[in-house]
Amino acid sequence: MQENFRNRFHKEATDFFFCPGRVNLIGEHIDYNGGKVMPCAISLGTFLAVAKNTDKKLRFQCLNFPETAELHLQSSYARTGKEWFNYPLGAIHQLLQEDHTISGLDMLFYGNLPIGAGLSSSASIEVLTMFAIKELFGLTISNTDIALLGKKVENEFIGVNSGIMDQFAVAMGQKDKAILLNCDTLEYEYLPFEIGDYVLAIINSNKQRTLADSKYNERFMQCGAALKLLKTELSATHLCDIDSVTFQKHKHLINDPVLEKRALHVITENERVKQAKDALQNRELNTFGELMYASHQSLKELYEVSGKELDTIVDFCKTYGDCIGARMTGAGFGGCAIALVRKDSFDDFSEKLISYYQERVGYQPEIFASVIGDGVKSL
Ligand code: GLA
């Protein structure tokens with residue numbers, strides 16, 4: 001990064017930072033419903049080389065994209081189109097809103113996460129930017145607060161009603177650990193992700209996530225609408241405050257088949273996370289895998305955020321003996337799936353999945369064995 005930084009800014013970078021991406025093991029589309037989720041940080045992510053400047057400018061460059069930006073330092077910013085630099089700009093805007101003071105910065109980013117593939121490249125760059133600024137200017141702000149501000153960037157600056165999961169996972173991740181996060185209270189614990197003879201495969205469907213943001217916001221609204229109807233008789237702050245037995249007794253209040261399906265997914269997914277925690281702690285990997293399959297089925301049938309590509313991956317996994325569980329991960333509408341595959345069979349699994357997918361979808365997926373890594377850090 002130093003050489004690239006020098007070529008572009010004609011000076012040396014003084015500091016280097018890294019923030020990972022994440023996968024979510026289970027607990028999908030429930031973070032914005034007050035549920036519990038189980039993400040972990042991965043070894044792929046975003047790098048930043050940075051140096052302060054004295055000319056009161058914010059300069060953004062990235063090795064992955066040709067677009068660059070140079071802006072005068074001011075007290076607030078607004079989103080300017082769809083370019084990548086809106087994410088770090090939004091992060092800076094959010095810090096300025098909290099009355100943190102910064103000077104000019106020259107910033108060079110580089111990411112090795114597949115962009116827009118549901119591995120949280122946006123949370124990664126947001127948290128990376130805020131963490132770097134915290135370190136450079138000695139701000140008193142915790143990683144949890146950084147995660148919360150990152151969520152604000154998405155909600156207010158970018159315009160997606162996403163929950164806290166992604167920013168929290170990339171800010172707080174720990175090597176070889178899954179995070180069990182209560183998205184209502186932000187209480188969390190680390191669960192050792194010990195999968196013995198298995199490997200966690202990440203399979204990028206390579207499907208473009210068209211209209212993902214608007215469909216995501218639609219799901220968010222539908223959950224709010226279902227909750228409002230249930231609240232006419234139940235006392236609940238979030239959909240995840242309701243258990244499935246109570247839901248069955250009161251679902252007639254919803255009186256809309258689509259909203260009922262959405263709520264049923266949320267409530268049962270939240271219960272699956274609790275079961276998945278027990279399975280992981282008791283080393284019952286087969287049970288964990290079954291819960292992954294059940295999660296996918298629910299996301300496909302009830303929440304309707306999967307799609308042909310992700311379903312093709314999971315269908316293949318079900319036929320493959322040495323794969324004990326698989327599901328889409330992240331928002332869906334394309335993006336990635338994860339699978340638990342026996343280590344010895346990983347190469348064979350990959351080869352067979354590629355041709356199965358190619359035959360049915362017409363292009364190839366990308367498959368890699370994931371490493372569960374640390375959250376954001378200085379290098
Ligand atoms: C996206 C959002 C998260 C979460 C997932 C679905 O990744 O950013 O907040 O809602 O989708 O679980």
Side-chain angles (χ1 to χ4, degrees), residues 19 21-22 24 27-37 39 46 60 75-100 115-116 118-131 133-134 139 141-172 179 181-188 209 211-228 237-241 262 266 303 305 329-333 335 375-376:
C19 186
R22 66 97 190 88
N24 186 20
E28 214 66 86
H29 283 281
I30 60 171
D31 60 346
Y32 52 89
N33 287 301
K36 284 189 176 169
V37 296
T46 319
F60 299 95
S75 56
S76 70
Y77 294 93
R79 179 178 173 163
T80 61
K82 289 203 173 296
E83 287 86 4
W84 68 271
F85 49 75
N86 282 288
Y87 292 90
L89 183 64
I92 292 174
H93 168 76
Q94 220 48 255
L95 285 175
L96 295 170
Q97 295 316 101
E98 299 289 306
D99 287 335
H100 294 298
I115 311 279
L119 300 180
S120 294
S121 50
S122 57
S124 177
I125 195 167
E126 290 155 6
V127 169
L128 176 67
T129 305
M130 288 192 254
F131 181 84
I133 290 179
K134 164 197 162 161
L139 311 184
I141 175 172
S142 68
N143 278 16
T144 305
D145 288 338
I146 288 182
L148 285 166
L149 290 180
K151 176 178 181 296
K152 268 193 164 181
V153 176
E154 290 288 340
N155 297 166
E156 294 171 16
F157 201 85
I158 305 293
V160 184
N161 286 312
S162 51
I164 186 65
M165 173 171 74
D166 302 349
Q167 288 80 8
F168 197 94
V170 303
M172 302 293 286
I179 309 171
L181 170 67
N182 179 327
C183 299
D184 179 25
T185 61
L186 292 192
E187 282 166 327
Y188 64 96
R209 297 198 308 155
L211 293 180
D213 288 358
S214 60
K215 288 186 198 153
Y216 186 98
N217 286 343
E218 182 188 89
R219 296 298 180 280
F220 176 88
M221 305 277 287
Q222 289 169 334
C223 289
L227 176 64
K228 196 167 168 208
T237 312
H238 305 287
L239 272 183
C240 290
D241 297 339
R262 304 296 188 250
V266 168
Y303 217 64
V305 291
T329 190
F333 317 108
V376 66

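These numbers were taken from a predicted model, which means no experiment stands behind them.
- Ring-plane geometry between H29 and Y303 is classed as tilted, the angle between the planes lying from 30 to 60 degrees on a 0 to 90 degree scale.
- Heavy-atom minimum distance, G27 versus V37: O-CG1, 3.2 Å.
- Looking at every heavy atom in both residues, A331 comes nearest to Y216 through CB-CD1, 3.9 Å.
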**OP:** Take L181 and L186 through the side chain to side chain contact (heavy atoms under 4.5 Å, CB included) test and state the conclusion after the steps.
**Re:** CA-CA 6 Å; L181 170 67; L186 292 192; 4.2 Å; yes
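- Under a 3.5 Å cut-off, the side chain of R22 and the backbone N or O of V170 do not form any donor-acceptor pair.
- A pairwise comparison of heavy atoms in S162 and E154 identifies OG-CB, 3.4 Å as the closest pair.
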**OP:** Please lay out, stage by stage, how E156 and H93 fare under the test side chain to side chain contact (heavy atoms under 4.5 Å, CB included).
**Re:** CA-CA 11 Å; E156 294 171 16; H93 168 76; over 6 Å; no
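- Remark: aromatic rings of Y77 and F85 are distant, center separation not under 6.0 Å.
- Within the 4.5 Å cutoff, side-chain heavy atoms of E28 are placed close to those of M165.
- Side chain of T329 to backbone of N24: a donor-acceptor contact under 3.5 angstrom is found.
- Applying side chain to side chain contact (heavy atoms under 4.5 Å, CB included) to C19 and the options I125, V127, T129, I146 leaves one that passes, V127.
- When every heavy atom of H238 is checked against every heavy atom of N33, the shortest pair comes out as CB-O, 3.1 Å.
- For the pair R79 (side chain) and N86 (backbone), a donor-acceptor distance under 3.5 Å is absent.
- Distance alone, capped at 3.5 Å, places no donor-acceptor pair between the N161 side chain and the N217 backbone.
- If you take CG on D213 and CD1 on I158, they are separated by 9.0 Å, rounding to the nearest 0.5 Å.
- Annotation: the span from L148 atom CG to N143 atom CG amounts to 11.0 Å, rounded to 0.5 Å.
- M130 CE to H100 NE2: the interatomic distance, rounded to the nearest 0.5 Å, is 10.0 Å.
- Residues Y188 and M172 come closest through the heavy atom pair OH-CE, 3.2 Å.
- With D31 contributing its side chain and K36 its backbone, the two residues share no donor-acceptor pair below 3.5 Å.
- Residues C240 and V266 form a side-chain contact, since some pair of their non-hydrogen atoms from C-beta on lies under 4.5 Å apart.
- Atom CG of L227 and atom CZ of R262 lie 16.0 Å apart (nearest 0.5 Å).
- To the nearest 0.5 Å, the span separating CD on Q167 from CG on D145 amounts to 13.5 Å.
- Side-chain contact check for I164 versus C183: some heavy-atom pair is nearer than 4.5 Å.
- Checking side-chain atoms of D166 against main-chain N and O of G150 turns up no donor-acceptor pair under 3.5 Å.
- With rounding to the nearest 0.5 Å, the separation of OG in S76 from CZ in F157 is 9.0 Å.
- Across all their heavy atoms, Y87 and S122 have their closest contact at CE2-CB, 3.4 Å.
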